[in-house]
Amino acid sequence: MKPKAPFPFLCLTHYPKSHHPNPNIHSRSLMATSPHSQPDDNPHHFDFPARNLTGESRAERAWAYWAKLGRPRFIVAPMVDNSELPFRMLCRKYGAEAAYTPMLHSRIFTETEKYRKEEFTTCKEDRPLFVQFCANDPDVLLEAARKVELYCDYVDINLGCPQRIAKRGNYGAFLMDNLPLVKSLVEKLAVNLQVPVSCKIRLFPNLEDTLKYARMLEEAGCMLLAVHGRTRDEKDGKKFRADWKAIKAVKDEVRIPVLANGNIRHMDDVRDCLEETGVEGVLSAETLLENPALFAGFQTAEWVSESEATNVDGKLDQADLLIEYLKLCEKYPVPWRMIRSHVHKLLGDWFSLQPHIRDELNKQSKLTFEFLYDIVDQLRATGTRIPLYKGTKLELTADG
């Protein structure tokens, strides 16, 4: 049994009128038409594009826009095949305040309707939202971005993917070798879109090169910068610690909001990162895949000994979270490959204790929701339970 086709015409009311950057915005149909086919209904967020603003004025606009979005601090990072709508909504339930889509390939997005329908879905509660594209052609990137600008808060350019597929495709972190092209990508969006442009980057080996890079992106029109505190060659997050000092240096160098990515395993890390770097928010990726309740103060047993808080059984476990995720998938259909990946991530520790149940899952070439719910029942029947522990919850004050 395949999931129902994703909804290409979800009715979106992005925010209550009083909270949206443009209080006159109306409901729109997701991907129903090209945004520019109905110019009278375009939501001009803060009068973007900001073509004629000076650097100082553009920075002020960036901060005003960030404040209007509520200054989100706990953010779901972009993850290929993993930060799709049902998972974003699960994380939002457990404390995430903003989220990125998976990286979308700009050329395929412009050319293939099936790709658009399957890879990008959203709903009215899915905000604030960053839609991330990889690209190496400014015109193609703009064409793709125009298809989503009505349904997100930032269009983000992936400048940080370090994988071999990015090298072959000449995108992501491998554009660090062609900074004039990077600048042209940012400028193309900044002067044409109705929403601001954000960028997600990695570090150069030399800090001064990173700072020059960040300044160049800001000058090109980037209005929010997410910094992964590792270099392009530091792919293994467990082997290489993210460099928070370098992130702080970037934060101190630019005038726009900055987010930090790297070393976020539990809420103590969130607190420490915010304090040490001074950034506006933190992104989490791999840890969220195993524990989507991270931002609600839950943590896996692996990190309990490192936490400064007193930890107790949180009366929640990964099987509970999987059930919630599957119900969201029934509501917001996505490709089965994404669902399968989340099942393995969420139940990995459980499968290590009951490998025969994992083997049964791996034998299935086609999945059904009934089968996956039964997998959870089988694990429960063995008496297996691996609790999440309730640790420190970072409290936010009104002034941040």
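What you are looking at is a predicted structure, and each value in this text was computed from that prediction instead of being measured.
The two residues S83 and A77 come nearest to each other via the heavy atoms CB-O, 3.6 Å. Considering all non-hydrogen atoms of both residues, T121 and R88 come closest at O-NH2, 2.9 Å. When every heavy atom of I357 is checked against every heavy atom of T382, the shortest pair comes out as CD1-CG2, 4.3 Å. What you find for C123 and M89 is that their closest heavy atoms are SG-SD, 3.9 Å. Contact record, W244 with D269: CH2-O, 3.7 Å, taken as the closest heavy-atom pair. The nearest pair of heavy atoms linking Y389 to A301 is CE1-CB, 3.8 Å.
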For the pair E208 and K212, evaluate salt bridge (charged side-chain N to carboxylate O under 4.0 Å, His left out) and give the outcome as yes or no after the intermediate values.
CA-CA 6 Å; E208 186 55 39; K212 289 179 181 177; 5.0 Å; no
For side-chain contact (heavy atoms from CB on, under 4.5 Å), just list the numbers for T122 and L129, CA-CA rounded to whole Å, side-chain angles, deciding distance to a tenth of an Å, and then say yes or no.
CA-CA 9 Å; T122 188; L129 180 66; 3.7 Å; yes
Please report the C-alpha distance between M223 and R58 in whole Å, then the side-chain angles of each, then the deciding distance to 0.1 Å, and finally whether the side-chain contact (heavy atoms from CB on, under 4.5 Å) criterion is met.
CA-CA 8 Å; M223 288 202 168; R58 199 160 47 232; 3.0 Å; yes
From CA spacing to verdict: salt bridge (charged side-chain N to carboxylate O under 4.0 Å, His left out), R380, D374
CA-CA 10 Å; R380 298 280 195 214; D374 184 63; over 6 Å; no
Verdict with supporting geometry, V197 and V155, side-chain contact (heavy atoms from CB on, under 4.5 Å):
CA-CA 5 Å; V197 183; V155 171; 5.7 Å; no
Show your working on side chain to side chain donor-acceptor pair (under 3.5 Å) between Y65 and E60 and close with a plain yes or no.
CA-CA 9 Å; Y65 188 79; E60 291 174 0; over 6 Å; no
side-chain contact (heavy atoms from CB on, under 4.5 Å) between W66 and R71, worked out
CA-CA 6 Å; W66 185 246; R71 300 178 181 272; 4.0 Å; yes
Might you work through the salt bridge (charged side-chain N to carboxylate O under 4.0 Å, His left out) test for E286 and K345, ending with a clear yes or no?
CA-CA 9 Å; E286 289 296 324; K345 288 288 187 179; 3.4 Å; yes
Test N263 against R230 for side chain to side chain donor-acceptor pair (under 3.5 Å), laying out the working first.
CA-CA 10 Å; N263 301 353; R230 299 181 177 92; 3.1 Å; yes
E143 and T110: side chain to side chain donor-acceptor pair (under 3.5 Å), yes or no, with the steps?
CA-CA 7 Å; E143 183 180 353; T110 62; 4.5 Å; no
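No side-chain donor-acceptor contact under 3.5 Å links D243 to the backbone of G229. Here the side chain of D320 pairs a donor or acceptor atom with the backbone of D317 at under 3.5 angstrom.
Using a 4.0 Å cut-off between charged nitrogen and carboxylate oxygen, D126 and R92 count as a salt-bridge pair. A salt bridge does not link R202 with E234: none of the charged nitrogens is closer than 4.0 Å to a carboxylate oxygen. Comment: D81 does not engage R340 in a salt bridge, judged by the lack of any side-chain N to carboxylate O separation of less than 4.0 angstrom. Comment: R215 does not engage E219 in a salt bridge, judged by the lack of any side-chain N to carboxylate O separation of less than 4.0 angstrom. Using a cut-off of 4.0 Å between Lys/Arg side-chain N and Asp/Glu carboxylate O, K245 and E276 are scored as not salt-bridged. Using a 4.0 Å cut-off between charged side-chain N and carboxylate O, R255 and E218 make a salt bridge.
Hydrophobic clustering, with ILVMFWY side chains joined whenever heavy atoms are under 4.5 angstrom apart, groups V186 together with L104. M338 and V80 end up in different hydrophobic clusters when Ile, Leu, Val, Met, Phe, Trp and Tyr side chains are linked at under 4.5 Å. Under a hydrophobic-cluster definition in which Ile, Leu, Val, Met, Phe, Trp and Tyr are linked whenever side-chain heavy atoms come within less than 4.5 Å, directly or via other members, Y171 and L159 are assigned to different clusters.
A heavy-atom distance below 4.5 Å is not found between the side chains of L283 and F74. F295 places none of its side-chain heavy atoms less than 4.5 Å from the side chain of C91. Side chains of P292 and E324 form no contact here, defined as non-hydrogen atoms less than 4.5 Å apart. For the pair I339 and P86, the minimum side-chain heavy-atom distance is 4.5 Å or more. The closest side-chain heavy-atom distance from L259 to E280 is below 4.5 Å.
In this structure, the separation between CG on L321 and NZ on K93 is 8.5 Å, given to the nearest 0.5 Å. Interatomic distance, C329 SG to E84 CD, rounded to the nearest 0.5 Å: 6.0 Å. The structure places OG of S198 at 3.5 Å from CG of D156, a figure rounded to the nearest 0.5 Å. Atoms CD and CG, on E149 and L142 in that order, are 8.0 Å from each other to the nearest 0.5 Å. Atoms OG and CG, from S284 and L294 in turn, are 5.0 Å apart once rounded to the nearest 0.5 Å. Between the CG atom of L322 and the CG atom of L372 there is a distance of 7.0 Å, given to the nearest 0.5 Å.
With 3.5 Å as the limit, one finds a donor-acceptor pair spanning the side chains of H344 and N362. Under the 3.5 Å distance criterion, with hydrogens and angles disregarded, no donor-acceptor pair is assigned to the side chains of D137 and S106. No side-chain donor from either of E253 and Y213 sits under 3.5 Å from a side-chain acceptor of the other.
Below 30°, between 30° and 60°, or above 60°: for Y325 and H342 the angle between ring planes is between 30° and 60°, a tilted geometry. The aromatic rings of Y100 and F130 sit parallel to each other, their planes meeting at less than 30°, with 60° as the upper class boundary.
At most 12 heavy atoms of other shown residues, nucleotides or ligands fall within 6.0 angstrom of atom NZ in K248. At most 12 non-hydrogen atoms from other residues, nucleotides or ligands lie less than 6.0 angstrom from CD of E113. More than 12 non-hydrogen atoms from other residues, nucleotides or ligands lie less than 6.0 angstrom from CD1 of I323.
Residue pairs meeting the side-chain hydrogen bond (donor to acceptor under 3.5 Å, both in side chains) criterion with at least one member in residues 157-168, sequence neighbours excluded, are Q132-N158.
In summary, the aromatic rings of F133 and F109 are positioned with their centroids under 6.0 Å apart.
Partners of D139 by side chain to side chain donor-acceptor pair (under 3.5 Å), not counting sequence neighbours, listed by chain and number: K188.
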